Amino acid sequence: MAVKIPQGVRGMNDTFPEESVAWQALEGDLRALLALYGYGEVRLPLLESTDLFARAIGDVTDIVQKEMYTFVDRNGDSLTLRPEGTAGCARAAIQARRLRGQTPRFYYLGPMFRHERPQKGRYRQFHQLGVEVFGLSAASIDAEVIALSARVLRTAGVTASLQINSLGSPAARLRYRALLLDYLRPRRAELCVDCRERMEHNPLRVLDCKVAVCQDIAHAAPRLVDHLDEDSFLHFNSLQGLLTALEIPYQINHRLVRGLDYYNRTVFEWVTDALGAQGTVLAGGRYDGLVAQLGGADTPAMGFAVGLERLLALQRLQSGVADVVPPLLFLGALEDAAVARTWQIAERLRDAGLSVVTGGPTHFKQLMKQAERSRARFQGMVGGEQLAGAALRLKEQAGNGQWQGSLNAIHEGLHSLGVDFPERAPHTVRNFATARTSL
RNA sequence: GUGGCUGUAGCUCAGUCGGUAGAGUCCCGGAUUGUGAUUCCGGUUGUCGCGGGUUCGAGCCCCGUCAGCCACCCCA
């Protein structure tokens, strides 16, 4: 009787060991880097109340209008799988009163969910590293965060180009919006249909359109930088000076406007043309109004997010990703009677912190194939002869190293073949002892 | 949400005019072999993505649907 095979949810991927080592390596490198800058991890829920995202991201954005995974829980509350991390992070910081005092520098790492049509570099469950700083309004923190973002890319071994812009204060942005509309309205008929729609709810996005006609119109449009408020203008100048001092090359992109409502002043993006249509690998900016908007004390904030699938894809293209680390030793048992002894030896070597995989009991030929496939550095086969005292042979699989000796002397054998034993075996005695004393 | 392309063995792919499931590779078990091999025997290589329709008969034709890829849109 045929049973229907369950299918994973569209746009959500499973990751197997060959692939997950690259994730682990990247995540490890990033965590180490963040510690270097004094950022600490916040672990946030994947679910928030739907209302939070509507208020934070802006309820006319595509994300809120048509991309959220929203459901009603058993209490009748409307909950949403987070489509981005900033809203939840701000909510948590407000709730835990972490907005002042020692300057909060946070990061988070994990899955986000958006119901979009999957394509290259875009999935329904995807992963972001996000960084958020609260309470600092000076351009110096913008420079710090952008420098950190530059090093995120450098750490991953990828290159992209930095584009920056300033959206000014909300008031200046509103004034500019009116100016832009005055400019666009007479040209409305020339714009593409999407842009005519954009004029209604988010005219700044017309500047970002890919259609040639719209780009021409956008190039001749009044520029945001020319209509910034005084403070934002100075802030932007100050940031540029700092980026130059830090030797971080950038381009000012007057048409760079971010999609989320909460941004003001500095916005930035690292872009590449190596990933097809999804060229933005890392993006962020300042969101001074969000915390107050969510009911917290008026607190400036700055942050960014990196798409880890995109970062990894770029890494795979540009510098290669981490590969599986093969075990040190393959130990095979040639017959039932040899299993117990072989497994004991494997356990002893693991006590000493060495990685050992076992095989058998089965025929010699099978074991040889298994040994080769394991990619272990060394290989040894245990049968009745070894149990009776005959010499065990250790062989280097990819080289010529060899050793023969008694089963009990396998430590010495490995040592003579050049194996370094760890100072302390991390997975054994220490954990056992801690467990006992804490109980 | 819209559009284009593609779904056959674990993998890479054939499959003619609609007429009985194929190759290579890999994998598994057994015999021989005590060190990377060979040989021999045997095996799953499969609801031809799924569901319907036409037909005496569908991997092939028609409709629907799902998934993957790419682009639009949007975003990291």
Side-chain angles (χ1 to χ4, degrees), chain A residues 1-13 57 60-68 82-86 109-131 149 152-153 160 192-195 197-198 202 205 208-211 257-260 268-272 275-285 303-314 330 332 334-335 338 362-374 376 378-386 390-400 402 404:
Chain A
M1 165 145 178
V3 180
K4 193 172 181 185
I5 295 166
Q7 288 228 308
V9 177
R10 182 171 200 194
M12 305 199 179
N13 300 311
I57 301 172
V60 298
T61 58
D62 278 17
I63 291 179
V64 171
Q65 278 190 337
K66 47 192 190 195
E67 294 176 3
M68 296 203 304
R82 61 182 188 187
E84 55 98 54
T86 300
L109 188 63
M112 307 291 165
F113 303 85
R114 292 182 198 170
H115 192 105
E116 301 180 276
R117 191 80 164 257
Q119 68 180 79
K120 192 188 194 71
R122 189 172 80 180
Y123 308 97
R124 289 186 172 179
Q125 175 175 325
F126 61 104
H127 297 76
Q128 285 187 338
L129 164 70
V131 165
S149 76
V152 162
L153 300 179
C192 70
V193 270
D194 288 330
C195 281
E197 181 61 32
R198 289 183 184 115
N202 197 350
R205 293 213 64 87
D208 220 8
C209 185
K210 288 176 189 169
V211 177
V257 291
R258 314 254 49 257
L260 283 50
F268 69 101
E269 274 187 11
W270 288 91
V271 297
T272 173
L275 295 180
Q278 310 301 324
T280 304
V281 60
L282 183 155
F304 68 77
V306 210
L308 294 184
E309 280 83 0
R310 291 181 189 179
L311 189 58
L312 215 46
L314 211 50
F330 178 92
L334 283 161
E335 49 208 276
T362 187
H363 307 283
F364 183 76
K365 179 178 161 186
Q366 278 300 327
L367 288 179
M368 287 304 292
K369 285 168 81 171
Q370 289 178 23
E372 189 174 356
R373 212 170 352 176
S374 76
F378 300 104
Q379 162 264 99
M381 306 304 180
V382 182
E385 298 175 15
Q386 279 70 38
L392 170 78
R393 275 196 239 182
L394 289 179
K395 293 193 75 169
E396 190 173 17
Q397 295 213 100
N400 300 320
Q402 288 209 38
Q404 289 193 40

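Side chains included, hydrogens not; waters and symmetry mates left out as well; all remaining heavy atoms used. All figures in this text were calculated on a predicted structure; none of them were measured in a lab. Every chain is numbered from 1 and lettered A, B, ... according to where its sequence line falls, protein lines coming before strand lines.
Residue order along RNA chain B, read from the 5' end via each residue's closest nucleotide, puts V9(A) first among V9(A) and V211(A). Nucleotides of RNA chain B nearest to H115(A) and G399(A) differ in position, and the one nearer the 5' end is that of H115(A).
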For a side chain to side chain contact (heavy atoms under 4.5 Å, CB included) check, start with the C-alpha distance between E309(A) and H127(A), then their side-chain angles and the critical distance, and finish with the verdict.
CA-CA 7 Å; E309(A) 280 83 0; H127(A) 297 76; 2.8 Å; yes

Could you go step by step and tell me if V152(A) and F304(A) meet the side chain to side chain contact (heavy atoms under 4.5 Å, CB included) rule?
CA-CA 11 Å; V152(A) 162; F304(A) 68 77; 4.2 Å; yes

Evaluation steps, side chain to side chain contact (heavy atoms under 4.5 Å, CB included), between R122(A) and R117(A):
CA-CA 8 Å; R122(A) 189 172 80 180; R117(A) 191 80 164 257; 3.8 Å; yes

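A donor and an acceptor atom sit less than 3.5 Å apart, one in the side chain of Q119(A) and one in the base of C73(B). Counting distance only, with no hydrogens placed and no angle test, the side-chain atoms of R122(A) and the base atoms of C74(B) include a donor-acceptor pair under 3.5 Å.
Between S149(A) and F268(A), the closest heavy-atom pair is OG-CE1, 3.7 Å. The nearest pair of heavy atoms linking P111(A) to Q125(A) is CB-NE2, 3.6 Å. When all heavy atoms are compared, the tightest approach of R310(A) to G121(A) is NE-O, 2.8 Å.
The nearest whole Å value for the distance from the CD atom in E372(A) to the C1' atom in C27(B) is 15 Å. The interatomic distance linking E116(A) (CD) with G68(B) (P) rounds to 14 Å, in whole Å. Rounded to an integer number of Å, the gap from R373(A) CZ to C26(B) P is 12 Å. Between R117(A) atom CZ and A71(B) atom P the separation is 13 Å, expressed in whole Å. Taking atom CG on D62(A) and atom C1' on G1(B), their separation rounds to 10 Å, with Å as the unit. At whole-Å resolution of the value, CE in M68(A) and C1' in C75(B) are 15 Å apart. Note: CG (L367(A)) to C1' (A37(B)) measures 16 Å, nearest angstrom. To the nearest angstrom, C1' of C72(B) lies 15 Å from CG of D208(A).
When atom types are taken as modelled, the side chain of R114(A) and the backbone of P83(A) share a donor-acceptor pair closer than 3.5 angstrom. Not one N or O on the side chain of Q397(A) forms a donor-acceptor pair closer than 3.5 Å with the backbone of Q379(A). Between the Q386(A) side chain and the A391(A) main chain, a donor and an acceptor come within less than 3.5 Å of each other.
G51(B) and G1(B): their C1' atoms are spaced 25 Å apart (whole Å). Comparing A58(B) with U8(B), their C1' atoms are spaced 14 Å from each other, to the whole Å. For the C1' atoms, the distance linking C72(B) with U25(B) amounts to 40 Å, nearest Å. Spacing between A71(B) and U20(B) at atom C1', rounded to whole Å, works out to 43 Å. Distance noted for atom P between C41(B) and U32(B): 16 Å (whole Å). For A76(B) and U2(B), the P atoms lie 24 Å apart once the distance is rounded to whole Å. Taking atom P on both U6(B) and C61(B), the two are 11 Å apart, rounded to the nearest angstrom. Taking atom C1' on both nucleotides, G46(B) is separated from G10(B) by 12 Å, rounded to a whole Å.
The side chain of K369(A) places no N or O atom within less than 4.0 Å of a non-bridging phosphate oxygen (OP1 or OP2) of G36(B). Residue R10(A) has no polar side-chain atom (N or O) positioned under 4.0 Å from OP1 or OP2 of C66(B). Dashed line: the shortest gap from a side-chain N or O of K66(A) to OP1 or OP2 of C73(B) is not under 4.0 Å.
Here C75(B) is the nucleotide among C27(B), G36(B), C75(B) with the atom lying nearest to any side-chain atom of R205(A).
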Between the protein and nucleotides 31-35 of chain B, list every N/O to N/O distance that falls short of 3.5 Å.
from: A31(B); atom 1: OP2; to: H363(A); atom 2: NE2; distance (Å): 3.2
from: G34(B); atom 1: N7; to: E385(A); atom 2: OE2; distance (Å): 3.4
from: G34(B); atom 1: O6; to: E385(A); atom 2: OE2; distance (Å): 3.3
from: G34(B); atom 1: N1; to: Q386(A); atom 2: OE1; distance (Å): 3.4
from: G34(B); atom 1: N2; to: Q386(A); atom 2: OE1; distance (Å): 3.0
from: G34(B); atom 1: N2; to: Q386(A); atom 2: NE2; distance (Å): 3.2
from: U35(B); atom 1: OP2; to: R393(A); atom 2: NH2; distance (Å): 3.4
from: U35(B); atom 1: O2'; to: K395(A); atom 2: NZ; distance (Å): 2.9
from: U35(B); atom 1: O2; to: Q379(A); atom 2: OE1; distance (Å): 3.4
from: U35(B); atom 1: O2; to: Q379(A); atom 2: NE2; distance (Å): 3.2

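Atom-to-atom distance recorded for D62(A):CG and M68(A):CE is 12.0 Å, nearest 0.5 angstrom.
Judged as a side-chain hydrogen bond (donor to acceptor under 3.5 Å, both in side chains), and not counting sequence neighbours, the contacts of R205(A) are D208(A).
Counting non-hydrogen atoms under 4.0 angstrom, G121(A) reaches a base of the nucleic acid. When heavy atoms are screened at a 4.0 angstrom cut-off, Q397(A) is found touching base atoms of the nucleic acid. V306(A) comes within 4.0 angstrom of no nucleic acid atom, judged by non-hydrogen atoms across all strands. Contacts of Q366(A) with the nucleic acid, taken as non-hydrogen atoms under 4.0 Å apart, involve only primed sugar atoms and P, OP1 or OP2. Looking at heavy-atom distances under 4.0 Å, E84(A) makes no contact with the nucleic acid at all.
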For Watson-Crick and G-U wobble pairs within 3.5 Å on both distances, what is RNA chain B written in dot-bracket notation, | included for inter-strand pairing?
(((((((..((((.....[..)))).(((((.......))))).....(((((..]....))))))))))))....

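In this structure, E84(A) and I63(A) have side chains that are not in contact, with every pair of non-hydrogen atoms separated by 4.5 Å or more.
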